[in-house]
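Take a look at the structure set out below.
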Amino acid sequence: MNRKGAKNSRAQKRTSQLSEIWRRFRKNRAAMAGLIILSIILFFTIFADLIVPYSKCIDQVGAERLQWPSLRHLFGTDEYGRDLFARVIHGSRYSLFIGVATSLIALVIGAVLGASAGYFGGMVDMVICRIIDVFMCVPPILLSLAVVAALGTSLQNLVIAITISSIPGNVRLIRSVVLTVAEQDYVEAARSYGSSHARIIFRYVLPNAMGPIIVNTTMAISDMILSAAGLSFIGMGIQPPSPEWGALLSSAQKYMFSSPYLLVFPGAFIMLSSLSFNLVGDGLTDALDPKLKD
Amino acid sequence: MLKFIAKRLLYMIPVLLGVAFLVFTILSLTPGDPGTIILGITAKPEDVASLNAQFGYDKPFFIRFINYIGDIVLHQDLGLSYQSREPVIDSIMSRFPNTLTLTVLSMSVSALIGISLGVLSAVRQYSVLDHVCVITALIFACIPGFWLGLMLLMLFALKLDWLPPYGAGTLKHFILPTITVSMTSAAGLLRLTRSAMLETIRQEYIRTAKAKGASERRIIVRHALKNAMMPVITTLGTSFGASLGGAIIAETIFAMPGMGTLITTAIRQKDIPMVMGSTLFLAALFSLIILIVDVLYAFIDPRIKAKYQNGGKSRE
C-alpha cells in the first residue's frame, strides 16, 4: 500500500471508531438527556446577546424592583429592577467559560507533568510526586482562597485560583494512566526503533491514555462550575454587578424571604449545568471503554 | 509496621514545611507591604518603615520564612494580625472548635448515609431502592452545597421556625449546617461505595463463599464489605478536605463564627498574617488526617503490611 492509501485507511478507521463511540453513547438515555440539557445551555451561552441584550442585565429600573416571575419578566426582577432571566442567561457565559477554561488549563499542565512523571520515572517522577504531595495537603478551597487573598478578586484570578487547586489531582490521574500505557509492548517497540521521547509520549502514550483523561475532564468541568459559584457566593470570586450565578445567589440572600425566586433560578441553572456535564461524562465512560461497563 | 508509621511520621516534616512554603509564597505575592496596607498610601514613610520593621517585613523573603517557621516551632506563634495587632493564634483558637465540630459532624453523617446506602444499593442492584439512591445521589452531587443551605435556611429556619437560622453555640445551631455540608459528600461516598461493592461481589472468592453455602448476610458482611471498604477508606481523607471546604462556605450562610468566616473576613481586610495562619493551621490539620487515614489503611490492608514486612518496594 502506498503512503496515501495508508493515510486514507487510517482516517477511515478513525471515523468508524468515532461513529462506534457515538452509537454506544446514543444508546445511553441518561447521557443523551445530559447532552440535550448541555446543548440548550450552550445555545443560551452562545446566543445570549441575541436573546436579550447585555444592557438588560445591568440597567437599573426603579419602577420594576423585586417583581415575581411573569410573562414580562420570565424569572422576575431583582432588587434593582434588573431582569433575572437576562442575568441568568448572561451569567452562563461566566460559569461555562470558567468551567471549561480551568479544566483545559489544568488538563494541559496535568498532562505535561503527569506524563513526564509516569513516562520518565526515577528522579523526574520523584520530584513531581513530592511537589504534588505538598499541594495535596492543602484542601482545594484553601489553596484557592490563598490565591484570591494574594492577587485580589477578578475573573482572571478566579481562574488561576481554581486551576491551581485542581492540577494535583490531574497530575496523579494522568501519571497513573500513563504508567500502565508506558508498559505496553507497542511503546517498547517504538522505543526500540529509536523514536524520540516527545514522539513516543504524544504519538503513542497520550492517545492511548485518552479515554480516562477525557472522562475526567468532562467531570472536572462540573466540579469547577460548582467551585467557581461557591467562591463567588462567599464574595471571593466574580463581583456583582457581573451576573455570575454564585454572585447572583449571594446578593439574593438578603431577599430570600420575600423573593425566593431570586434563589431558585440561578441555583437551578448551576445544578443543571453541573448535572449535564456529569451525565455526559458518565456516558463517555461507557462509550469510550465498553470493557468497563458493568 | 512500626517502621512504616515512623517513616510516614518523618515524611510529614518535609511535607508540612513544603505546605508552609507554598502558602507563604502565594501570600507573599500580595502587592504592598504591611505598613502601607495598614496605614494607607498617604501615611508618612517613617511610620510605614517602623511598622514594617515591627512585622519583620524589612528582611528578605527567605529570612522572613525561616523566622516564621521558627516562631511556629519554638513559640507556637503565628504572628500578629494586621487588623487587631493581636496574636493570630488566639483568633484561630476561639473559632476553630466550631469549624471542627461542623466538619466532624458532617463527615460522620455523610459516611453513615453514603456507605450504608451505597452497600444496600449494590446488594439490591437494579431494585427500586437502587434506582432511587443512584438518582438522588447524582442530583445531590450536582447541587451546590451553599444553595442547599440557603433552601434549608429558608424552609426550616425562616418559614417553619424550627431551628435557629444564625450563630453557633447549641447543637441545634449545627443541624442545618451539617446537612448542608454532608449531603454533597454523602452523594459521592454512596456512588463510590456502590461501585466498589458491585466490583467486589463479582470476585471469585465471593463465588467460592456462595458455593460453600454461606448465608447471604455472612457473605456481604464477612467477605464483600471488608474488601469493598478499601477504596472507600482511601477517599475518607480527601472527603475530610471537602467537608472542611464545605464548612468554610456553610459558615458564611449560617453566620457561624468559624475558620471560614475568619478567613473570608481577613481576606476582605487584607489581613495577610491572619489568612496565612488560618490556612496553614487547617492545612496542617488536613495533612495529619491524611496521615492517619494512610496508617489506618495499612492496618486494614494485609497487602501493605506484607510489603513492609518483606521490605519489598514497588512503584504505586
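Both backbone and side-chain heavy atoms feed into the values below; hydrogens, waters and symmetry mates do not. Letters A, B, ... mirror the listed sequences (proteins, then strands); counts begin at 1.
- Taking 4.5 Å as the heavy-atom cut-off, the residues of residues 267-277 of chain A that approach chain B are A/G267, A/A268, A/I270, A/M271, A/S274, A/L275, ordered by number.
- With a threshold of 4.5 angstrom between heavy atoms, B/V19 approaches chain A through its backbone and through its side chain.
- Options B/S28, B/A141, B/A283, B/G241 differ in how many heavy-atom pairs under 4.5 Å they form with chain A, and the most are formed by B/A283.
- Heavy-atom distances place both the backbone and the side chain of B/I249 under 4.5 Å from chain A.
- B/I272 touches chain A through its side chain: at least one heavy atom from C-beta onward sits under 4.5 Å away, while N, CA, C and O do not.
- Note that CE of B/M274 and OG1 of B/T279 are 11.0 Å apart. Values are rounded to the nearest 0.5 Å.
- Taking chain A as the reference chain and counting heavy-atom pairs below 4.5 Å, the highest number among B/I263, B/T264, B/L148, B/T30 is found for B/T30.
- Options B/F21, B/F240, B/W147 differ in how many heavy-atom pairs under 4.5 Å they form with chain A, and the most are formed by B/W147.
- Neither the backbone nor the side chain of B/M276 comes within contact range of chain A, judged by heavy atoms closer than 4.5 Å.
- With chain A as partner, the option from B/A284, B/P14, B/P144 having the largest number of non-hydrogen pairs under 4.5 angstrom is B/P144.
- When heavy atoms are compared at a cutoff of 4.5 Å, B/I253 approaches chain A by way of both its backbone and its side chain.
- Not a single donor-acceptor pair under 3.5 Å links the side chain of A/T218 to the backbone N or O of A/G281.
- Among B/L138, B/L16, B/L288, the residue making the largest number of heavy-atom pairs under 4.5 Å with chain A is B/L138.
- Rounded to the nearest 0.5 angstrom, A/S95 OG and A/L248 CG are separated by 8.5 Å.
- Within the 4.5 angstrom heavy-atom criterion, atoms from both the backbone and the side chain of B/I26 approach chain A.
- No donor-acceptor distance shorter than 3.5 angstrom exists from the side chain of B/T103 to the backbone of B/S243, with no hydrogens or angles considered.
- Distance check: B/S110 OG to B/M183 CE gives 9.0 Å after rounding to the nearest 0.5 Å.
- At least one donor-acceptor pair under 3.5 Å links the side chain of A/S144 to the backbone N or O of A/A161.
- At a 4.5 Å heavy-atom cutoff, the contact between B/L150 and chain A is made by backbone and side-chain atoms alike.
- If you measure heavy-atom distances from A/I164 to chain B, you find no contacts under 4.5 Å at all.
- Summarising the local packing, CZ of B/R124 is surrounded by 12 or fewer heavy atoms from other residues, nucleotides or ligands at distances under 6.0 Å.
- Of the possible donor and acceptor atoms, one in the side chain of A/N157 sits under 3.5 Å from a partner among the backbone N and O of A/G152.
- Between the side chain of A/E188 and the backbone N or O of A/Q184, no donor-acceptor pair lies under 3.5 Å.
- For the set B/L17, B/T252, B/L27, the entry with the most heavy-atom pairs within less than 4.5 Å of chain A is B/L27.
- Of the possible polar contacts, one joining the B/S127 side chain to the B/D130 backbone as a donor-acceptor pair under 3.5 Å is found.
- Within the 4.5 angstrom heavy-atom criterion, only side-chain atoms of A/D282, from C-beta onward, approach chain B.
- With hydrogens and angles disregarded, a donor-acceptor distance shorter than 3.5 Å links the side chain of B/R95 to the backbone of B/G258.
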